[in-house]
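Working notes for the structure below.
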2 protein chains.
Amino acid sequence: MVSDTDHVPPGGKAGRPRSERARRAVLHAVDDLLVDVGYAAMTMKGIAERAGVGRQTVYRWWSTKAEILLEACLVDAEEELTTPPRPDAADDLLAYLTALTEFLTTSPAGLAYRALIGEAQHDPVVRDLVHQAGLLALSAHDVLRRVRSSAPNMPDECLCAAQLTGPVVTQILTTPEPLPERLLEAHVAALLRAWR
Amino acid sequence: MVSDTDHVPPGGKAGRPRSERARRAVLHAVDDLLVDVGYAAMTMKGIAERAGVGRQTVYRWWSTKAEILLEACLVDAEEELTTPPRPDAADDLLAYLTALTEFLTTSPAGLAYRALIGEAQHDPVVRDLVHQAGLLALSAHDVLRRVRSSAPNMPDECLCAAQLTGPVVTQILTTPEPLPERLLEAHVAALLRAWR
DNA sequence: TCCTTTACGGGTCACTGTGCCTCGTAATGC
DNA sequence: GCATTACGAGGCACAGTGACCCGTAAAGGA
């Protein structure tokens, strides 16, 4: 007989789960639970049960709720935050910010990401995880690279990304309503004016 | 004999506690615990014990950790986020953003506020609480009113506040390091250029 | 002044989530 | 075919929650 506590994964994700089935079931269960019962009411026990999986199986491959959430989130997030290029810089930025708003307010992956940001304020480990993933930064940099030609006076790229996404994100994190389309347009216009 | 479960407060804060002593002890204990053990490890039991107060006394006047935290936070926050006016608009905004950064990264009240924003991602009730308090919005509007004369082209005031504080706040919430002074200066310069 | 009212500190209790362990079982790989 | 490994399921000790109940002490009205 073999114990359940030997094998690989020390902290989190050394080897992939032997059964892809279990992995997918857990990630899918987390997505479901997040929209069904919310983050606060989501428990490891609940995840295991919803996934039709033993609790130990969950603990074996992920050490925290946050880890599962991040993995479940990254799968969809990159795709949802990638917008097709548009000829006009203002259109391009606006499309991105609209997608970002949609992502953070309605997409399951976006809700997961917000839950992660929330958890990051309580737990430095999660904070590093979120920062490492760099979801916002990466997608923003993609868009910014495209509009660089129309904005010769753009400052440090990190600052630009923060200026672009910061107002939108903070609004969503701290108030019940995101910035409306009208203000997104005004925001983009102001940024381009500043960077011109 | 009288039960402990009659009296006033339904949800949160109908009447003031009869003993100001208990109230102050609890708020002080929360401040201490937050810096000592962090938000995650802070429990209602721990708060009561640290405050030298019965658990029931805590539950009587506040229904959640978040409520206590918010009250403890608001006491100091408004003062820490109020910066003296400066003649130059750029100086004025920069001083505010520097104070905001200091607040969110080092002040106990700021740490409490961040913990609240974190909790708000998990709990809509806390979200409303945070929004109601409107800490960021209020302090930002104060500063913006002062620079309005130097920036005739300022858009909607809500957007301005978001543009001013959003990048700073999001950076702090999602990465280990806040925006450095150098980038704060560049940010202010860009905003004034956009609003001119 | 007495005496009712009210909050107080402290303790108990049922309930829930966690994370670890141990079953017996099923799938994998040599 | 046989050893290895992950699997599901359940049990466990521990901690936090939030409700109760107790006896005490401090207001406030007569």
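Side chain of B/S139 to backbone of B/L136: a donor-acceptor contact under 3.5 angstrom is found. Counting only distance, with no hydrogens or angles, the side chain of B/H141 and the backbone of B/A137 share a donor-acceptor pair below 3.5 Å. When atom types are taken as modelled, the side chain of A/H28 and the backbone of A/A51 share no donor-acceptor pair closer than 3.5 angstrom. Looking only at distances, a side-chain donor or acceptor of B/R114 sits under 3.5 Å from a matching main-chain atom of B/L104.
B/T175 pairs by the side chain to side chain donor-acceptor pair (under 3.5 Å) definition with B/Q171, not counting sequence neighbours. In this view, B/Y39 and A/H122 satisfy the ring-ring contact (aromatic ring centres under 6.0 Å, His included) rule, not counting sequence neighbours.
Taking atom CG of B/D123 as the reference point, atom C1' of D/dT17 lies 15 Å away to the nearest angstrom. One can place OH of B/Y59 at 17 Å from P of C/dG11, the figure rounded to the nearest angstrom. D/dT17 atom P lies 14 Å from atom CD of B/Q56, rounded to whole Å. One can place CZ of A/R60 at 12 Å from P of C/dC21, the figure rounded to the nearest angstrom. C/dG17 atom P lies 13 Å from atom CE of A/M44, rounded to whole Å. Between the P atom of D/dT5 and the CD atom of A/E20 lies a distance of 20 Å, rounded to the nearest Å. Look at CH2 on B/W61: it is 12 Å from P on C/dG9, rounded to the nearest Å.
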Using a cutoff of under 3.5 Å, can you pull out all pairs of nitrogen or oxygen atoms linking the protein to nucleotides 12-14 of chain C, with atom names and distances?
from, atom 1, to, atom 2, distance (Å)
C/dT12, O4, B/R55, NH2, 3.1

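A heavy atom closer than 4.0 Å to some atom of DNA chain C occurs in no member of residues 24-41 of chain A. The stretch residues 45-53 of chain B touches DNA chain C through B/G52, B/V53, each having a heavy atom within less than 4.0 Å of the strand.
Looking only at side-chain heavy atoms (C-beta outward), B/T101 and B/L179 stay at 4.5 Å or farther from each other. Taking the side chain as every heavy atom from C-beta outward, B/M44 and B/R55 never approach each other to under 4.5 Å.
We find that A/R182 and A/E185 are not joined by a salt bridge, their nearest charged nitrogen and carboxylate oxygen being 4.0 Å or further apart. Looking at A/E119 and A/K65, no side-chain N of the basic residue comes within less than 4.0 Å of a carboxylate O on the acidic one, giving no salt bridge.
The salt bridge (Lys or Arg N to Asp or Glu O under 4.0 Å) pairs that include a residue from residues 78-96 of chain A are A/D92-A/R146, where partners are two or more places apart or lie in different chains.
The phosphate of D/dG8 has OP1 or OP2 within less than 4.0 Å of a side-chain N or O from A/R21.
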